[in-house]
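This one's a predicted model, so the numbers in the text were calculated from it and none came from an experiment. The first residue in the sequence is number 1, and the count goes up from there.
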Amino acid sequence: MNQEFTVKKLPAKSINSENFQPFGQLITPAEDGKEFDQTDAQLNLKNGIPRFYIMRLKNRGRQFSKLTRHSQCSQCLGSLEGKEWLIAVAPPTLGKEPEFKKITAFQIPGNCFIKLETGTWHAGPYFDEDTVNFYNLELSDTNLVDYFTHDFRKSHHLVWEIV
């Protein structure tokens, strides 16, 4: 049976350290030799074996209905080859779904990466190109034991489109 749904437009903001702070950190290039400080990724990888890998994503487009969170670790994402991309996020919550009104989309340039705070709801990466490679830092078993998803298509008959 085909259920109808509403497509809600979600404008993508240009990311900066201040507007991304409720969701995590924006990490930008720094000179070699800079000492560790609060501008470096503040990682939570203590609950398992870290996994750093390159994931190849294809034909992602800009629509989503599911947001996911990881409550046991932070996660870092960045594109390779300088490609821009998009992500939708909502602040960490203890409930079974993200705060609907706080879902925000960001445009991420290809010369930086983001660190998602532990528990941050996220959908993406999204992009318009056929294929984009991303590096991903999380725990080795994140997608098996720490993967909680809420589907707004099922709960609210709603799909977002990042514009």
Might you work through the side chain to side chain contact (heavy atoms under 4.5 Å, CB included) test for Asn133 and Leu57, ending with a clear yes or no?
-> CA-CA 6 Å; Asn133 293 319; Leu57 300 177; over 6 Å; no
Any chance you could lay out the side chain to side chain contact (heavy atoms under 4.5 Å, CB included) test for Asp130 and Asn59, step after step, and finish with the verdict?
-> CA-CA 5 Å; Asp130 291 336; Asn59 303 315; 3.8 Å; yes
Which is it for Ser74 and Thr118 under the side chain to side chain donor-acceptor pair (under 3.5 Å) test, yes or no, and what are the steps along the way?
-> CA-CA 4 Å; Ser74 52; Thr118 302; 4.9 Å; no
List the steps and the verdict of side chain to side chain donor-acceptor pair (under 3.5 Å) for Trp121 and Thr68.
-> CA-CA 5 Å; Trp121 293 91; Thr68 299; over 6 Å; no
For side chain to side chain contact (heavy atoms under 4.5 Å, CB included), just list the numbers for Gln107 and Glu84, CA-CA rounded to whole Å, side-chain angles, deciding distance to a tenth of an Å, and then say yes or no.
-> CA-CA 7 Å; Gln107 182 176 342; Glu84 285 190 358; 2.6 Å; yes
List the steps, then state whether side chain to side chain donor-acceptor pair (under 3.5 Å) holds for Asn111 with Thr28.
-> CA-CA 7 Å; Asn111 66 344; Thr28 57; over 6 Å; no
Check the pair Ile49 / Leu139 against side chain to side chain contact (heavy atoms under 4.5 Å, CB included), numbers first and verdict last.
-> CA-CA 5 Å; Ile49 299 168; Leu139 295 179; over 6 Å; no
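Leu86 is not connected to Val132 by any chain of hydrophobic side-chain contacts under 4.5 Å among Ile, Leu, Val, Met, Phe, Trp and Tyr, and they are in different clusters. Transitive grouping of hydrophobic side chains (ILVMFWY, heavy atoms separated by less than 4.5 Å) keeps Leu80 and Trp85 in distinct clusters. No path of Ile, Leu, Val, Met, Phe, Trp and Tyr side chains, each step under 4.5 Å between heavy atoms, connects Ile162 with Val89, placing them in separate hydrophobic clusters. By the criterion of side-chain heavy atoms lying less than 4.5 angstrom apart, applied directly or through intervening Ile, Leu, Val, Met, Phe, Trp or Tyr residues, Met55 is grouped together with Leu116 in one hydrophobic cluster.
A 4.5 Å side-chain heavy-atom check between Lys8 and Glu161 finds every atom pair outside the cut-off. Considering only heavy atoms from C-beta on, Gln63 comes within 4.5 Å of Val7 through its side chain. A heavy-atom distance below 4.5 Å is not found between the side chains of Phe152 and Lys66. No side-chain heavy atom of Arg69 sits under 4.5 Å from any side-chain heavy atom of Thr149. Counting heavy atoms from C-beta outward, Phe113 and Asn136 have side chains that stay 4.5 Å or more apart.
Atoms OG and OH, from Ser140 and Tyr53 in turn, are 11.0 Å apart once rounded to the nearest 0.5 Å. Atom CG of Leu77 sits about 9.0 Å away from atom CD1 of Ile108, to the nearest 0.5 Å. For the atom pair Ile27 CD1 and Thr39 OG1, the distance stands at 7.0 Å (nearest 0.5 Å). In this structure, Arg60 CZ and Phe134 CZ are separated by 8.0 Å, a value rounded to the nearest 0.5 Å. Note that the NZ atom of Lys115 and the CZ atom of Phe23 stand 13.5 Å from one another [nearest 0.5 Å]. The structure places OG of Ser79 at 10.0 Å from CZ of Phe127, a figure rounded to the nearest 0.5 Å.
Side-chain rings of Phe106 and Phe20 approach one another, their centers coming within less than 6.0 Å.
Pairing each heavy atom of Ile15 with each of Pro109, the nearest pair is CG2-CD, 3.8 Å. Residue Ser65 comes nearest to Leu158 through the heavy atom pair CB-O, 3.6 Å, listed as atom of the first residue, atom of the second, then distance. Contact between Gly48 and Pro50 at its shortest, heavy atoms only, is O-CD, 3.5 Å. Shown here for Ile87 and Gly124, the closest heavy-atom pair between the two residues is CG1-CA, 4.4 Å. Heavy-atom minimum distance, Gln72 versus Val145: NE2-O, 4.0 Å. In plain terms, the two heavy atoms of Cys112 and Tyr135 that are nearest each other are O-OH, 4.1 Å.
Donor-acceptor pairing under 3.5 Å is recorded for the side chains of His150 and Ser155. In this model, no donor atom of one side chain and acceptor atom of the other lie less than 3.5 Å apart for Gln25 and Gln42.
In this pair, Phe100 and Trp160 present their aromatic rings tilted. The plane angle is within the 30 to 60° band.
No cation-pi contact links Arg62 to Tyr126, judged by a cut-off of 6.0 Å to the six-membered ring centre and 45° from its axis.
Judged by distance alone, the side chain of His122 and the main-chain N or O of Thr120 form a donor-acceptor pair under 3.5 Å. Formation of a donor-acceptor pair under 3.5 Å by the Asp146 side chain with backbone atoms of Ser71 is found in this model. Asn19 places a side-chain N or O within donor-acceptor distance of the main-chain N or O of Ser14, the cut-off being under 3.5 Å.
Salt-bridge check for Glu99 with Lys101: failed, with every basic side-chain N at 4.0 Å or more from each acidic carboxylate O. Look at Asp141 and Arg51 and you find no salt bridge, because none of the NZ, NE, NH1 or NH2 atoms lies under 4.0 Å from a carboxylate O. Salt bridge annotation for Lys83-Glu129: present, with a cationic side-chain nitrogen under 4.0 angstrom from a carboxylate oxygen.
The number of heavy-atom neighbours closer than 6.0 Å to NZ of Lys46, taken from other residues, nucleotides and ligands shown, is 12 or below.
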